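What you see is a predicted model, and the numbers here were worked out from it, not measured in a lab. Along the sequence shown, residues carry numbers from 1.
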Amino acid sequence: MGRTLVELFYDVVSPYSWLGFEVLCRYQHIWNIDLRFRPAFLGGIMQATGNKPPAMLPKRAEYLLKDIKRMAEYYQVPVQISGDDFQRILGKSTLGAMRFITAIDMTQPRYLEPLSREFWIRFWSQHEDISQPENILAVAGQAGLSSEVAQKQLEMISSSAVKNRLKETTEEAIKYGAFGMPTVVAHFNGEPHLFFGSDRLELLGSIIGEKWQGPVPSVPSHKM
């Protein structure tokens, strides 16, 4: 039986995307899947679908604060969040960061997983600005890129090739039915199955015939 292609559309502005990202990274070594990271722009998806940031509704923001803290502990992902973070997020754009991640995807794809993780760590664990070029370069260094390569990628983010790639990926997510992030698309039995959120991965496993072992599964010794 062939491997199932699972695409993860994400933006590092989304803490739930980080949760889903880490869990799928764990399961890519356990499930019979090919995991493909698809960096996209959440702002473009929200605008195209008429969606609004959930934290704009006060009662929902109150719930999200508790929910993300509980999920971070349960998923064992170091998201640190406070009530001030919602205003911080609304006031900062991740477009430059997502273009940088897209440039890496196009030219240095082996760094895509560690780079994305480092952006989330800087933004959601260390509460630092990731919109400034010097911070983007610092993240790249943490992910293992040389300063020369990182600088070259940074110069690429204003290119039409990178801008178009990010736009196309975002539009592809919308065509699948995305309205927020994370959006997971599993290609199974000849059709795409869309799942929204980090809490639908158990259902994803059920659909593609794989066993869910919780958010922190044990890796079989023969796969280590």
#### Entry: Derivation of the side chain to side chain contact (heavy atoms under 4.5 Å, CB included) call for Leu57 and Lys52
CA-CA 9 Å; Leu57 186 66; Lys52 296 281 192 298; over 6 Å; no
### Task
Test Asp129 against Arg122 for salt bridge (Lys or Arg N to Asp or Glu O under 4.0 Å), laying out the working first.
CA-CA 8 Å; Asp129 186 359; Arg122 180 150 303 224; over 6 Å; no
#### Entry: Test log, rule side chain to side chain contact (heavy atoms under 4.5 Å, CB included), inputs Phe195 and Leu201
CA-CA 8 Å; Phe195 303 86; Leu201 302 180; 5.9 Å; no
### Query
What's the verdict on side chain to side chain donor-acceptor pair (under 3.5 Å) for Gln108 and Arg110, showing C-alpha distance, side-chain angles and the deciding distance?
CA-CA 6 Å; Gln108 306 277 340; Arg110 69 185 182 278; 3.3 Å; yes
### Query
Passes salt bridge (Lys or Arg N to Asp or Glu O under 4.0 Å), Glu113 versus Arg117? Steps please.
CA-CA 6 Å; Glu113 180 183 330; Arg117 181 175 291 113; 3.1 Å; yes
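Put simply, the residue from Val13, Leu8, Leu42 that forms a side chain to side chain contact (heavy atoms under 4.5 Å, CB included) with Met181 is Leu42. A side chain to side chain contact (heavy atoms under 4.5 Å, CB included) with Ile68 is found for exactly one of Val77, Ile81, Asp85, namely Ile81.
Counting heavy atoms from C-beta outward, Ser131 and Ser93 have side chains that stay 4.5 Å or more apart. Residues Leu19 and Val79 have side chains in contact (heavy-atom distance under 4.5 Å, counting atoms from C-beta outward). With contacts defined as side-chain heavy-atom distances shorter than 4.5 Å, the pair Leu5/Val185 does not qualify. Side-chain contact between Met156 and Arg99 is absent, with no heavy atoms from C-beta onward closer than 4.5 Å.
Proximity of the aromatic rings of Phe37 and Phe9 is defined here by a centroid distance below 6.0 angstrom, and this criterion is not met. Outside the 6.0 Å centre-distance limit, the rings of His193 and Tyr176 are not counted as a close aromatic pair.
Ile208 and Leu35 fall within a single hydrophobic cluster, where Ile, Leu, Val, Met, Phe, Trp and Tyr side chains are chained together by heavy-atom contacts under 4.5 Å.
Residues Ser198 and Tyr75 have side chains that never bring a donor and an acceptor to within less than 3.5 angstrom of each other.
Taking the six-membered ring where tryptophan is involved, the planes of Phe119 and Phe100 are perpendicular, since the angle between them exceeds 60° and thus also 30°. Below 30°, between 30° and 60°, or above 60°: for Trp212 and Trp31 the angle between ring planes is between 30° and 60°, a tilted geometry.
Between Gln213 and Tyr27, the shortest heavy-atom distance links the atoms N-OH, 2.6 Å. Nearest heavy atom pair, residue Ala97 against residue Val12, reads CB-CG2, 4.5 Å.
Annotation: the span from Ile104 atom CD1 to Ile157 atom CD1 amounts to 11.0 Å, rounded to 0.5 Å. We find the CD-CZ distance between Glu7 and Arg36 to be 5.5 Å, quoted to the nearest 0.5 Å.
Partners of Glu118 by side chain to side chain contact (heavy atoms under 4.5 Å, CB included), not counting sequence neighbours, listed by chain and number: Ile121, Val139, Gln142, Ala143.
One finds no salt bridge joining Glu171 and Lys175 here, because no Lys/Arg side-chain nitrogen approaches an Asp/Glu carboxylate oxygen to under 4.0 Å.
Distance alone, capped at 3.5 Å, places no donor-acceptor pair between the Gln80 side chain and the Gln126 backbone.
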